[in-house]
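Worksheet for the structure shown next.
One is the number of the first residue; the rest follow in order along the sequence. Computed from a prediction, not measured in an experiment: that's the story for all the values here.
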Amino acid sequence: MNTAGYLRRLGLPHLLNEPVTAEGLRALHAAHVEKVPYEALEIWLGRPTTVDPAESAARILRGRGGYCYHLNGAFSELLRALGYDVTRHVGGVQKRGGDPGVNANHLVLTVRGLPSAANPGGEWLVDAGLGDALHEPLPLVAGTYRQGPFQYALRPSEVAPGGWRFEHDPSGSFEGMDFDPAPTDMSAFIDMHRHLTTSPTSGYVQIATIQRRDASGVDNLRGLTLSRLGTGVHTVTLDTAVDYYAALADVFLLPLDDASAEEKDKLWRRLYDAHETWLSGGIA
């Protein structure tokens with residue numbers, strides 16, 4: 001992996017060859033969620049992806065993002081290359097109103113060996129793939145935590161013995177996430193990745209969602225509806241392709257330079273048709 005290039009993508013080239021620290025981990029995490037968007041536009045562009053972290057990292061270096069398998073898979077490789085003690089775990093994101101479980105629909109990372117005043121045990125929940133959730137790592141200690149306008153909670157999981165439960169802010173897009181304490185490898189996510197990227201019941205297939213977290217809130221783009229959630233909620237509909245691609249570049253740092261003009265035109269038409277279907281009361 002091109003570690004130096006990845007750090008440049010995050011705006012942190014000075015961290016190459018620097019000692020691992022809790023503050024360094026915080027800086028890497030915050031930069032990742034601010035500069036690498038949560039997105040699954042490859043599905044809407046008709047481009048199959050895998051959960052291979054090397055493939056995901058290469059796509060990030062080309063200016064793109066991904067969803068949890070891509071973002072946390074690539075991020076874990078970057079952290080390892082920099083000397084951090086990182087572990088991958090099988091997780092499960094719970095939709096609002098759904099049942100909690102660890103069904104491998106989420107890849108979770110923990111990092112250990114970095115004690116701080118607030119976290120003497122030195123183990124951290126690291127998750128750059130939760131979309132509108134974490135801005136910085138959380139101490140892997142039961143309690144409540146505030147990041148910007150949002151409040152989170154951590155507690156022992158009731159569905160994964162020995163594991164942990166992350167509770168999202170009530171304004172967030174999902175209810176919570178549980179993860180198993182055992183280490184895993186990327187093969188644990190292959191089947192669910194196939195489902196999430198191809199099944200008509202998958203949220204990624206039904207709605208083109210893009211999110212970008214920063215210190216003061218989160219930007220969301222669901223279909224053609226752009227919203228900003230922070231001290232309040234501000235929403236606008238993107239009515240033209242020009243507005244849509246301007247928002248991708250300006251709000252989400254996603255210029256989509258790897259897509260041709262023809263691909264962008266097809267993508268816009270798919271998005272517009274899905275939006276019209278939604279307006280008429282259809283599934284999309």
Side-chain angles (χ1 to χ4, degrees), residues 26 29-30 32-33 37-40 66-73 75-76 86-112 118-119 121 123-184 188-189 192-193 195-196 199 201-204 206-207 209-215 217-220 222 227 229-230 233:
R26 186 209 66 79
H29 193 291
H32 209 287
V33 298
Y38 179 96
E39 54 109 345
Y67 73 113
C68 66
Y69 305 144
H70 308 129
L71 298 174
N72 282 339
F75 193 34
S76 64
V86 60
T87 302
R88 296 173 179 139
H89 305 268
V90 174
V93 168
Q94 175 193 4
K95 296 180 180 179
R96 297 211 170 272
D99 295 322
V102 180
N103 62 357
N105 74 357
H106 190 63
L107 162 63
V108 184
L109 307 178
T110 58
V111 169
R112 61 184 178 181
N119 185 15
E123 193 167 7
W124 301 83
L125 171 61
V126 175
D127 207 317
L130 276 175
D132 65 350
L134 293 185
H135 181 246
E136 300 178 1
L138 289 183
L140 206 52
V141 178
T144 58
Y145 300 90
R146 178 160 289 277
Q147 293 186 356
F150 309 124
Q151 182 166 292
Y152 311 124
L154 277 178
R155 59 177 172 82
S157 173
E158 298 174 355
V159 295
W164 289 88
R165 166 77 173 181
F166 168 81
E167 295 281 355
H168 202 349
D169 188 271
S171 66
S173 63
F174 62 93
E175 190 160 334
M177 181 272 293
D178 293 81
F179 69 94
D180 192 275
T184 193
F189 306 101
M192 184 58 78
H193 172 67
H195 168 78
L196 291 174
S199 171
T201 65
S202 166
Y204 296 122
Q206 293 177 349
I207 303 174
T209 300
I210 306 168
Q211 298 172 312
R212 190 188 68 84
R213 182 72 160 87
D214 58 37
V218 61
D219 295 301
N220 291 285
R222 288 174 55 82
S227 63
L229 177 61
V233 181

With a 3.5 Å cut-off and no angle check, do the side chains of Tyr204 and His195 form a donor-acceptor pair?
no
Side-chain contact, heavy-atom cut-off 4.5 Å: Asp127 with His106?
yes
Considering all heavy atoms, the nearest Ala215-Pro149 contact:
O-CD, 4.2 Å
I need the minimum non-hydrogen distance between Leu71 and Gly66, along with the two atoms involved.
CD1-O, 3.2 Å
Treating Asn105 as the side-chain partner and Val93 as the backbone partner, does any N or O pair qualify as donor plus acceptor under 3.5 Å?
yes
Where is the tightest heavy-atom contact between Asp169 and Arg96, given as atom of each residue plus distance?
O-NH2, 2.8 Å
Run the side chain to side chain donor-acceptor pair (under 3.5 Å) test against Gln94 and tell me which residues pass, sequence neighbours left out.
Arg165
Report yes if the side chains of Ile210 and Arg212 come closer than 4.5 Å at any heavy-atom pair, otherwise no.
no
Gap between atom CD of Glu175 and atom NZ of Lys95 - 0.5 Å precision
13.0 Å
Look up atom NE2 in His89 and atom OG1 in Thr110, then write down how far apart they are to the nearest 0.5 Å.
2.5 Å
Heavy-atom distance under 4.5 Å between the side chains of Arg88 and Thr184, does that happen here?
yes
Report yes if some heavy atom in the side chain of Tyr67 is under 4.5 Å from a heavy atom in the side chain of Thr209; otherwise report no.
no
What's the shortest heavy-atom distance between Pro137 and Val126, and which atoms?
CB-CG2, 4.2 Å
Hey, can you tell me if Tyr152 and Phe150 have their rings parallel, tilted or perpendicular (30° and 60° cut-offs)?
tilted
Pairs involving residues 135-156, ordered by first then second residue, that meet salt bridge (charged side-chain N to carboxylate O under 4.0 Å, His left out) (sequence neighbours left out):
Arg26-Glu136, Arg155-Glu158, Arg155-Glu167
Of all heavy-atom pairs linking Gln147 and Leu138, the shortest is NE2-CD2, 3.4 Å
Kindly indicate whether the side chain of Leu109, heavy atoms from C-beta on, has any atom under 4.5 Å from the side chain of Trp124.
no
Side-chain contact, heavy-atom cut-off 4.5 Å: Trp164 with Leu140?
yes
Which distance, rounded to the nearest 0.5 Å, do you find between the CG of Asn103 and the CG of Asp178?
10.0 Å
Using modelled atom types only, decide if a donor and an acceptor are shared between the side chain of Asn119 and the backbone of Glu123 within a distance under 3.5 Å.
yes
Any idea which heavy atoms bring Val90 and Ala188 closest together, and the distance?
CG2-CB, 3.9 Å
The side chain to side chain donor-acceptor pair (under 3.5 Å) partners of Ser202 (sequence neighbours excluded) come to none
Do Met192 and Tyr69 have side-chain heavy atoms sitting under 4.5 Å apart?
yes
So, taking the atom named OH in Tyr145 and the one named CG in Leu154, what distance separates them when rounded to the nearest 0.5 Å?
5.5 Å
Distance, nearest 0.5 Å, that separates CG of Leu196 from SG of Cys68
7.5 Å
Between the side chain of Asp132 and the main-chain N/O of Val218, is any donor-acceptor distance below 3.5 Å?
no
So, the side chain of Arg213 versus the backbone of Leu134: is there a donor-acceptor pair under 3.5 Å, distance only?
no
Could you tell me whether the side chains of Gln211 and Asn220 share a donor-acceptor contact shorter than 3.5 Å?
yes
Any heavy-atom pair between the side chains of Val108 and Phe166 that's under 4.5 Å?
no
